[in-house]
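One structure below.
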Amino acid sequence: MTGGQNRNSAIVRGGVLVALSSIAARGASFFAQLVLGRLLLPEDFGVYAIALTFTTLAASANSVLRSFLVDALKKDWDFGGLYRLVMWTSVGVSVAAVAMSGALARPFDEPGLATILACLFAAMPLQIAPAFGAARLTKALRFRELSTMWTWSAVLCQIVTVAGALAGLGAISFVGGVVVGSLAEVVLVRRHSGPYPELRGRPRLEGVADTRQLRWIPVSIVVLAVWINGDYASAGLFETAAVVGVYFFAYQLTTALTQPFTLALSSVLLPSFSSLSGEREGADAFSLTVLLVPLASGLPFGLLAVTAAPLTHLVWAGAWDVAIVAIVVLGLVTPMKLLLSTSLSILQASGDWQGYTRLLAVSAVATVVAASVGGMIGGVGGLVSVIAVSNVVLGLGATVLVGATFGLTVAESVFRPFCSWMIWLSGASMVALVGDLHDERLSSIPWHVGLFLLSTLPFVYALFGDAVVSVWRIGARRNTPTAGGAATPSELLQRALADR
């Protein structure tokens with residue numbers, strides 16, 4: 001293989017490793033939730049969820065900075081100066097945020113929230129520092145070290161959280177997990193990437209050719225943080241921590257199950273968009289991708305919806321039966337939420353950062369507004385219903401907007417994805433009409449699953465058999481060599497498109 005082909009192969013393998021690491025982290029979170037659901041109250045989950053709205057800034061900063069710093073390393077910017085600038089800024093923001101913890105917690109009237117906020121704000125520099133070492137590893141294509149580091153950090157975080165819950169610390173348990181996980185990442189990054197730059201010296205931006213692009217970094221960090229967790233605090237202004245906790249519990253459960261689809265997209269389809277050429281080729285790839293997302297994810301999340309009642313009752317011994325409605329509703333609309341994430345990722349892969357930022361900002365505002373309206377309506381049902389509607393509108397709207405960049409009409413962009421999702425939604429509705437989605441007996445599972453599959457799979461095969469065949473061929477040819485070596489994601493996608 002040539003050097004370029006070796007690099008492409010390393011990138012593909014790296015993408016798979018990082019995605020698998022993300023699945024492992026989600027898996028650790030899922031199993032921790034199984035235990036925490038028996039040890040903590042909905043109020044504990046709610047208080048932590050509200051705190052996350054404010055403290056996600058650190059995690060968002062880590063994510064955004066990592067991408068920016070890889071570019072900085074390629075351009076030989078003053079890496080040490082950037083490190084000092086970012087770290088001293090994060091320390092200043094951290095100190096100011098700790099001082100404001102009481103004021104930020106006051107509108108929610110939740111005991112212990114101020115303490116949790118102060119602890120999480122104090123840990124912000126620990127969460128941001130690893131971005132610099134991670135950028136070095138990413139530039140060097142050392143994805144194995146990255147994936148190992150993130151997996152161990154996530155596992156340690158969940159272990160400490162569970163230990164705190166066992167010790168009776170309540171919502172404070174989450175704080176210990178975040179702090180220990182962040183410390184572990186700091187240590188592991190130093191071990192794999194070498195020492196951090198010196199903090200002594202003048203923070204500076206020497207070597208940066210165009211400082212105007214830097215202004216988008218803080219904006220992106222804030223917008224990303226609001227989009228990820230802004231709904232919790234918005235709902236918490238109008239509802240109790242217990243209701244927010246039930247929503248948070250159900251949301252985390254459904255989110256943990258999205259990782260296999262993220263892996264499939266990141267390792268095969270989405271990387272292809274950076275190398276596709278021509279409007280027609282891009283339009284075909286987009287159409288196939290946005291169809292596969294609801295088509296593939298609708299089945300497992302539909303099965304989750306029709307079995308949520310007996311499984312939730314069994315696993316948590318009735319303690320979280322109040323979350324069944326939220327799990328069912330959020331599970332059924334998850335394919336639409338994945339459509340939004342897919343559209344954002346396609347814009348990233350295509351290099352349309354302006355479009356990405358605008359769509360992310362609209363999504364963040366819509367999420368906050370939906371959570372506020374749902375909180376004002378009241379109850380778990382009111383909250384998740386409004387949020388579910390917003391997820392559907394955002395998913396379809398984002399698909400239309402991104403499809404337009406490939407020259408597709410509204411009908412060409414969303415008709416087939418929407419129809420595929422409606423098949424799964426109709427199947428769950430059939431179970432609700434003929435059976436009972438609130439039936440907590442284990443004996444109802446075979447009946448509900450059988451009815452769901454019989455009322456959906458024939459329609460999926462009849463209407464979307466061509467897409468199923470395309471997915472099969474992509475998987476079958478994952479390791480088929482080309483004349484120059486292993487097939488790249490772009491080549492795999494182009495073959496599938498040619499066979500349709």
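Predicted model, so just to flag it, every value in this text is computed and none were measured. This chain uses plain numbering: 1 for the first residue, then up along the sequence.
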For [X] versus [Y], what's the shortest heavy-atom pair and its separation?
X: D44; Y: F174; value: O-CE1, 4.1 Å
X: S413; Y: G403; value: OG-CA, 3.6 Å
X: N391; Y: M336; value: O-CB, 3.8 Å
X: V386; Y: A370; value: CG1-O, 3.3 Å
X: T254; Y: I327; value: CG2-O, 4.2 Å
X: Q127; Y: S182; value: CG-OG, 3.1 Å

Quick one: are [X] and [Y] in side-chain contact, heavy atoms under 4.5 Å?
X: T367; Y: L394; result: yes
X: L104; Y: F121; result: yes
X: I423; Y: L463; result: yes
X: E185; Y: L188; result: no
X: L339; Y: P294; result: yes
X: L52; Y: F248; result: yes
X: E440; Y: I324; result: yes
X: L36; Y: F45; result: yes

Could you walk me through whether L332 and W424 pass the side chain to side chain contact (heavy atoms under 4.5 Å, CB included) check? CA-CA 8 Å; L332 288 174; W424 305 120; over 6 Å; no
Out of curiosity, [X] [atom1] to [Y] [atom2], how far, rounded to the nearest 0.5 Å?
X: T456; Y: L425; atom1: OG1; atom2: CG; value: 11.5 Å
X: L34; Y: W316; atom1: CG; atom2: CH2; value: 5.0 Å
X: L359; Y: L344; atom1: CG; atom2: CG; value: 4.5 Å
X: L120; Y: L126; atom1: CG; atom2: CG; value: 11.5 Å
X: I172; Y: I116; atom1: CD1; atom2: CD1; value: 4.5 Å
X: T255; Y: K337; atom1: OG1; atom2: NZ; value: 7.0 Å

Is there a donor-acceptor pair under 3.5 Å between the side chain of [X] and the backbone N or O of [Y]?
X: R38; Y: V315; result: yes
X: S455; Y: F452; result: yes
X: T53; Y: N229; result: yes
X: W447; Y: V431; result: no
X: S385; Y: G382; result: no

Taking the ring centre of each residue, are Y232 and Y48 less than 6.0 Å apart?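 No, ring centres 6.0 Å or more apart.
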Quickly, which of V290, L340, T342 forms a side-chain contact (heavy atoms from CB on, under 4.5 Å) with T399? Name it, please.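 In the set V290, L340, T342, the residue that makes a side-chain contact (heavy atoms from CB on, under 4.5 Å) with T399 is V290.
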Going through the distances and angles, do L299 and L453 end up as a side chain to side chain contact (heavy atoms under 4.5 Å, CB included)? CA-CA 9 Å; L299 175 60; L453 295 178; 3.7 Å; yes
Aromatic rings F249 and W320: how do their planes relate, parallel, tilted or perpendicular, breaks at 30° and 60°?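 Because their plane-to-plane angle is under 30°, the rings of F249 and W320 count as parallel.
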Give the C-alpha distance, both sets of side-chain angles, the deciding distance and a yes or no for side chain to side chain contact (heavy atoms under 4.5 Å, CB included) between C419 and F464. CA-CA 10 Å; C419 288; F464 305 109; 4.0 Å; yes
Worked check of side chain to side chain contact (heavy atoms under 4.5 Å, CB included) between I387 and V333: CA-CA 9 Å; I387 290 175; V333 300; over 6 Å; no
Exceeds 12 heavy-atom contacts within 6.0 angstrom, atom CZ of F459: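 Counting other residues, nucleotides and ligands, CZ of F459 stays at 12 neighbours or fewer.
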Testing the 3.5 Å rule here: is there a donor-acceptor pair between the side chains of D231 and Y251?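 There is no such pair between these side chains.
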